[in-house]
Amino acid sequence: MTERLDAHRTDAPTLSAQYQPGDVEQRRYEQWVAAGYFRASTDSEKPPFTIVIPPPNVTGSLHMGHAFEHTLMDALTRRKRMQGYEALWLPGMDHAGIATQNVVERQLAAEGLSRHDLGRERFVERVWQWKAESGGRILGQMRRLGDSVDWDRERFTMDEGLSRAVQTIFKKLFDDGLIYRAERIINWCPRCLTALSDIEVEHTDDDGELVSIRYSDDVVVATTRAETMLGDTAVAVHPDDERYKHLIGTEVELPLTGRRIPIVGDEHVDPSFGTGMVKVTPAHDPNDFEIGQRHDLPSLTIMDERGVITAHGPFQGLDRFEARPAIVAALREQGRIVAEKRPYVHAVGHCSRCRTTVEPRLSLQWFINTSPLAKAAGDAVRDGRVRIEPADMAKRYFAWVDNMHDWCISRQLWWGHRIPVWYGPDGEVVCVGPDEQPPTGDGWHQDEDVLDTWFSSGLWPFSTLGWPEQTADLAKFYPTSVLVTGYDILFFWVARMMMFGLYAMDGRPPFDVIALHGMVRDQFGKKMSKTFGNVVDPLDWIDRFGADATRFTLARGANPGQDVPVSEEWCQGSRNFCNKLWNATRFALMNGAHCTGPVPAGAQLSTVDRWILSRLASTVAEVNELFEAYEFAKVCDVLYHFAWDDVCDWYVELSKPVLAGGGEQAEVSRRVLGHVLDQLLRLLHPVIPFVTEELWTALTGQDTVLTAAWPTVAGEQADTAAEAEIATLQTVVTEIRRFRSDQGLRPAQRVAARLDGLTGAGIAAHKPLIRSLVRLDEAGDDFQASATLAVAGAVSVALDTRGSIDVAAERARLTKDRAAAEKEAAQARAKLDNPAFLGKAPEPVVAKIRERLATAEADLARITAALEALPS
RNA sequence: GGGCGCGUAGCUCAGUGGGAGAGCACUCGCCUUACAAGCGAGGGGUCGCAGGUUCGAAACCUGCCGCGCCCA
């Protein structure tokens, strides 16, 4: 294009033939940060939009699930920023108590040390060192992804401010009587040596054994945990069980121990399970504990914190899993094993951090009475103050908050927020607030335990904004706009933030919307796991295909609440899409497309221009609607097809002859093409920020697309006339191409043709365009039609293929078309012949079917005629 | 055992009452002056099974089969 008649920008950059993300991403990210685009201000008049990041574990690294979640949050944030909101995406990490302590203890073990060798203080210092190292990695990964987070506001759950928030709310809950200390059965990990909450326990169906033990002639109990019999303090039967009713109140001698234990009647015994008699071990089973409470039974702890038997006798010192067969063997020797089922599959709880089998253990711990908090958390969703997306997921949420157990919050760890309670020499218990001095003097000491990590994570939406101080951030950015997180931590985290947010912030919930997404899976729908070897590192994809391609792949799979399968092939496809945009813009720039001055309107526009502007308007409307509904996959789909099909395959192709022709119409096209790409790149920027920034700045000559206004449509802008006209044009072009392809005509081969009926179809003006797109020459004097195509209504195309027509291919093609038309006609006729259909179906539907029949019959007539005209 | 969800093209998924769709994969033809990371054309599905509701069902109801997740 040597003659650029109206080159507004002589400095228009030239682009390479392929997009190279590596040349762009780091440079752009640094520019963005330096320019302060990600920084949110409390001084602005703009309405706030806030997202707090689900804090990744400081000790981990970002996996594909994070990349996915971050893509969604970044897309939301970038769009709102463009829409003129004061957009804050607040980054940070959590301290991950057990996980982090485990990592550092392993490091110490490699040096032959334990944490006890260092002592608490030096150990915690050591963890902080590790935090600096490990946390840095995550921050680097976020930069690679392109996260538009406000780095100035980065937070960590162990920061001073956040720790103050923890202490403040602990004190408040304590004073309100919602925190208490009690001896209960809790989940205990004998390897991590700490209590766990219910949801940190994962149940799996494991092979075990079910042995039936005869305690006496009358008493036989079945158990999967024979070793716990050493701690039995009763046998229970259902009070209405006729078989055993008479035994209630009597005693039986517990084998191997010689202790006598009572037989009690308890409603919770299932008479149909096993013999209908159960052993009761209050110190090692939550159900048994409750039975014990009801019947005032003693609780005998028979294991130490590592799961080693402490009960006196021959089993003392055995691990719980060694003790089990030993005890069964001893009982068998006495002839007391009356039945054994092995393997017996049953649910076994495992520590979610280290997979060790959890031991229910009686111990003194701190709890939160969740009932009033959970009630409020449920109500906030029930009454619509907080919306869960997709709405179906609210059922899961209610199922949890409406049946919440008290939450065990103490952990026997060193890494975490230490419980702010001091014990005095005379049994005093004092909870100390953040500005209070702990009691000093002989005999006073602080509780040794720390709080569950989720306790501090639960404060995240407001502790990160400065609470308990009444900061400007808190005033501006709370409540947060939307929480983006996986349905898998609805219970762990979301419910807790809801409880704490409502409690601490005077009944104001922490977010307006909870947008839940699924889990990233591989291309076969399998969970990514190390054992499967199907784990993909997002950085690997970013290196090979670019951050944009990685993000587009993830966003494109993001149907609300659904799992997201990804594969390298799809990421390649996303890279190709980025490259397509690159080349479309490259073409535009090479042809003088620009964004200067008003977009031409009305009579200045060709039908093709009106058509693409109409398509653009509906794309903008659709994308906005879909974004509001968190339909990321559909946003991507709509934009992908608009960009590739409408813009690249049709608009650019239809515009080529116009641009080449020069003159007034070419200038209009350049401006329209510039405008369409400008808007398209804005629409795509939230999902693929790097390539859009690079292209948009090249196209417009402006600094950044980050703060460019987000596209909107005012009113109805669909141009139905232009859309119908171009649709006809597309049909004609496609039909001719199909003929050429079926006939084996080379794309480059020019064919003489006569086009008839274009006027009737309303596309007469496009005759030269059609000829150029499908390489048809004007019919000359020696024109001899060797084939005639009937396409799209009255349009017919007579082609002179110089006698080289492939009759068999043409017959096959027409026969196929005829069959399709016949089927279509038959279906429509069947409906119209049905009086019930005519009587009951709504009029527009009937009219549509009538039209369909008319079209099919007309097609059929033309096709049949063409078939008959074929030489035999 | 209780609850929730899913079953649509080879793969992964959209489609919630009115002509079965997308991406990738596949077949054929093309280096066409933006792009071979591309262009053009095409093939491919008794919508898990069986009943029912309806003028009309992939969609709504019932049952069954298979798979997954959560909880106990």
Side-chain angles (χ1 to χ4, degrees), chain A residues 1 15-19 198-199 201-203 270 273 286-287 346-347 349 392-393 395-396 399-400 403 487-488 490-491 518-519 521-527 545-546 549 553 556-557 559 561-591 593 631 633-634 636-638 640-641 644-645 648-649 652-653 656 660 733-749 773-775 813 816 823-824 827-828 830-832 834-842 844-846 848-849 851-852 855-856:
Chain A
M1 214 51 43
L15 304 178
S16 63
Q18 281 190 340
Y19 174 52
D198 291 349
I199 52 185
V201 177
E202 287 171 14
H203 295 270
D270 177 3
F273 179 80
N287 294 320
H346 64 128
D392 291 350
M393 289 277 177
K395 275 183 284 188
R396 277 173 182 249
W400 177 251
N403 295 290
Y487 60 72
D488 57 325
L490 198 53
F491 312 144
M519 306 295 109
R521 294 172 176 272
D522 75 5
Q523 59 194 310
F524 304 110
K526 286 224 159 45
K527 225 178 202 165
F545 306 114
T553 303
R556 204 183 186 188
N559 291 115
Q562 298 297 117
D563 287 345
V564 192
V566 295
S567 86
E568 186 172 317
E569 285 172 343
W570 303 338
C571 192
Q572 247 171 55
S574 300
R575 176 201 57 184
N576 297 355
F577 177 59
C578 294
N579 191 51
K580 188 74 181 173
L581 294 168
W582 180 267
N583 273 289
T585 309
R586 178 164 170 251
F587 169 85
L589 289 169
M590 284 165 67
N591 286 278
E631 293 272 11
K634 293 192 178 90
C636 291
D637 201 52
V638 164
Y640 183 91
H641 284 110
W644 205 308
D645 301 350
C648 293
D649 287 350
V652 165
E653 293 306 321
K656 276 179 181 173
V733 167
T734 302
E735 278 300 306
I736 296 169
R737 282 174 175 165
R738 186 160 81 102
F739 171 82
R740 293 188 60 124
S741 181
D742 288 348
Q743 284 292 316
L745 297 171
R746 309 247 133 196
Q749 185 180 339
L773 278 175
V774 292
R775 287 158 201 261
R813 194 173 76 87
K816 198 183 114 197
K823 191 178 164 199
E824 174 85 359
Q827 278 176 351
K831 290 198 175 200
L832 294 168
N834 180 358
F837 173 73
L838 293 175
K840 296 192 178 177
V845 172
V846 177
K848 198 153 90 179
I849 301 294
E851 198 187 313
R852 199 178 295 159
T855 308

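Numbered from 1 within each chain, the chains take letters A, B, ... in sequence-line order.
- The shortest side-chain heavy-atom distance between A/L490 and A/W400 does not fall under the 4.5 Å cut-off.
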Review item, nucleotides 30-33 of chain B N/O atoms under 3.5 Å of protein N/O:
| unit_1 | atom_1 | unit_2 | atom_2 | d |
| --- | --- | --- | --- | --- |
| B/rC30 | OP1 | A/R746 | NH1 | 2.5 |
| B/rC30 | OP1 | A/R746 | NH2 | 2.7 |

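- The aromatic rings of A/W582 and A/Y19 lie tilted to each other, with the angle between the two planes from 30° to 60°.
- If you take CD of A/Q523 and C1' of B/rG23, they are 13 Å apart, rounded to a whole angstrom.
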Polar atom pairs (N or O), protein with nucleotides 66-72 of chain B, under 3.5 Å:
none

Contact list (N/O, under 3.5 angstrom) for nucleotides 36-42 of chain B vs protein:
| unit_1 | atom_1 | unit_2 | atom_2 | d |
| --- | --- | --- | --- | --- |
| B/rA37 | O4' | A/N576 | OD1 | 2.9 |
| B/rA37 | O2' | A/N579 | ND2 | 2.9 |
| B/rA37 | N7 | A/Q18 | OE1 | 3.4 |
| B/rA37 | N7 | A/Q18 | NE2 | 2.6 |
| B/rA37 | N6 | A/Q18 | OE1 | 2.9 |
| B/rA37 | N1 | A/Y19 | O | 3.4 |
| B/rA37 | N3 | A/R575 | NE | 3.3 |
| B/rG38 | OP1 | A/N576 | ND2 | 3.1 |
| B/rG38 | O3' | A/K580 | NZ | 3.0 |
| B/rC39 | OP1 | A/K580 | NZ | 2.6 |
| B/rC39 | OP1 | A/W644 | NE1 | 2.7 |
| B/rA41 | O2' | A/S741 | OG | 3.4 |
| B/rG42 | O3' | A/K816 | NZ | 3.4 |

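- Counting non-hydrogen atoms under 4.0 angstrom, A/P842 reaches a base of the nucleic acid.
- Taking atom C1' on both nucleotides, B/rG10 is separated from B/rG43 by 13 Å, rounded to a whole Å.
- Once rounded to the nearest 0.5 Å, the distance linking OG of A/S567 with CD of A/Q572 reads 8.5 Å.
- At the heavy-atom level, A/V652 lies under 4.0 Å from base atoms of the strands shown.
- A 3.5 Å limit on both hydrogen-bonding distances identifies B/rC4 as the Watson-Crick or G-U partner of B/rG68.
- For A/D637 (side chain) and A/R556 (main-chain N/O), no donor-acceptor pair under 3.5 Å exists by modelled atom type.
- Going from atom CG of A/D522 over to atom C1' of B/rC13 covers 14 Å, rounded to whole Å.
- Between A/L832 and A/V846 there is a side-chain heavy-atom pair separated by less than 4.5 Å.
- Taking the C1' atoms as reference points, B/rU8 lies 12 Å from B/rA22, given to the whole Å.
- Figure legend. B/rC35 is base-paired to no nucleotide; pairs are counted as Watson-Crick or G-U wobble with both atom distances under 3.5 Å.
- For A/F587 and B/rA34, the CZ to C1' distance is 7 Å, given to the nearest whole Å.
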* For the pair A/L773 and A/R737, evaluate side-chain contact (heavy atoms from CB on, under 4.5 Å) and give the outcome as yes or no after the intermediate values. => CA-CA 9 Å; A/L773 278 175; A/R737 282 174 175 165; 4.3 Å; yes
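- For the atom pair OG1 of A/T553 and CZ of A/F545, the computed distance is 8.5 Å after rounding to the nearest 0.5 Å.
- The shortest side-chain heavy-atom distance between A/R852 and A/T855 does not fall under the 4.5 Å cut-off.
- Across all strands shown, B/rG45 remains unpaired; no Watson-Crick or G-U wobble contact has both distances below 3.5 Å.
- On the C1' atoms, B/rG5 is 29 Å away from B/rG44, given to the nearest whole Å.
- Rounded to whole Å, the C1' atom of B/rC61 lies 47 Å from the corresponding atom of B/rC28.
- Between the CG atom of A/N834 and the C1' atom of B/rG18 there is a distance of 13 Å, rounded to whole Å.
- Atom CD of A/E569 and atom C1' of B/rG10 are 12 Å apart (whole Å).
- Between the A/N591 side chain and the A/F587 main chain, a donor and an acceptor come within less than 3.5 Å of each other.
- Across B/rC55 and B/rA72, the matching C1' atoms stand 48 Å from one another, rounded to whole Å.
- Note: CD (A/Q827) to C1' (B/rA20) measures 11 Å, nearest angstrom.
- Residue A/N591 contributes atom CG, which lies 11 Å from atom P of B/rC35 at whole-angstrom precision.
- B/rU62 is paired with B/rA50 under the Watson-Crick or G-U wobble criterion, all donor-acceptor distances under 3.5 Å.
- Note on A/K848 versus A/E851: no salt bridge recorded, every NZ/NE/NH1/NH2 to OD/OE distance being 4.0 Å or above.
- For the P atoms, the distance from B/rG40 to B/rG23 is 12 Å, rounded to whole Å.
- The gap from the P atom of B/rC64 to that of B/rC69 amounts to 22 Å, rounded to the nearest Å.
- Side chain of A/N583 to main chain of A/N579: a donor-acceptor pair is present (N/O by atom type, distance under 3.5 Å, no hydrogens or angles).
- Pairing of B/rG40, defined by two Watson-Crick or G-U wobble distances under 3.5 Å, is identified with B/rC28.
- Formation of a donor-acceptor pair under 3.5 Å by the A/R521 side chain with backbone atoms of A/V566 is not found in this model.
- Using a 4.0 Å heavy-atom cutoff across all strands shown, A/N559 reaches sugar-phosphate atoms only and no base atom.
- Annotation: of the two residues near RNA chain B, A/A584 and A/Y640, the 5′-most nearest-nucleotide partner is A/Y640.
- Remark: the separation of the C1' atoms in B/rC26 and B/rC67 is 27 Å, to the nearest Å.
- Phosphate proximity of B/rG21 to A/H641: absent, as no side-chain N or O sits under 4.0 Å from OP1 or OP2.
- Remark: A/K580 fails to qualify as a cation-pi partner of A/Y640 under the 6.0 Å distance and 45° angle criteria applied to the six-membered ring.
- Within the shown strands, B/rC13 is the pairing partner of B/rG21 under the Watson-Crick or G-U definition, both distances less than 3.5 Å.
- Of the possible polar contacts, one joining the A/R740 side chain to the A/Q749 backbone as a donor-acceptor pair under 3.5 Å is found.
- Atoms CD (A/E568) and P (B/rC11) sit 20 Å apart, rounded to a whole Å.
- For A/E824 and B/rG19, a side-chain-to-base donor-acceptor distance below 3.5 Å is present, hydrogens and geometry of angles not being considered.
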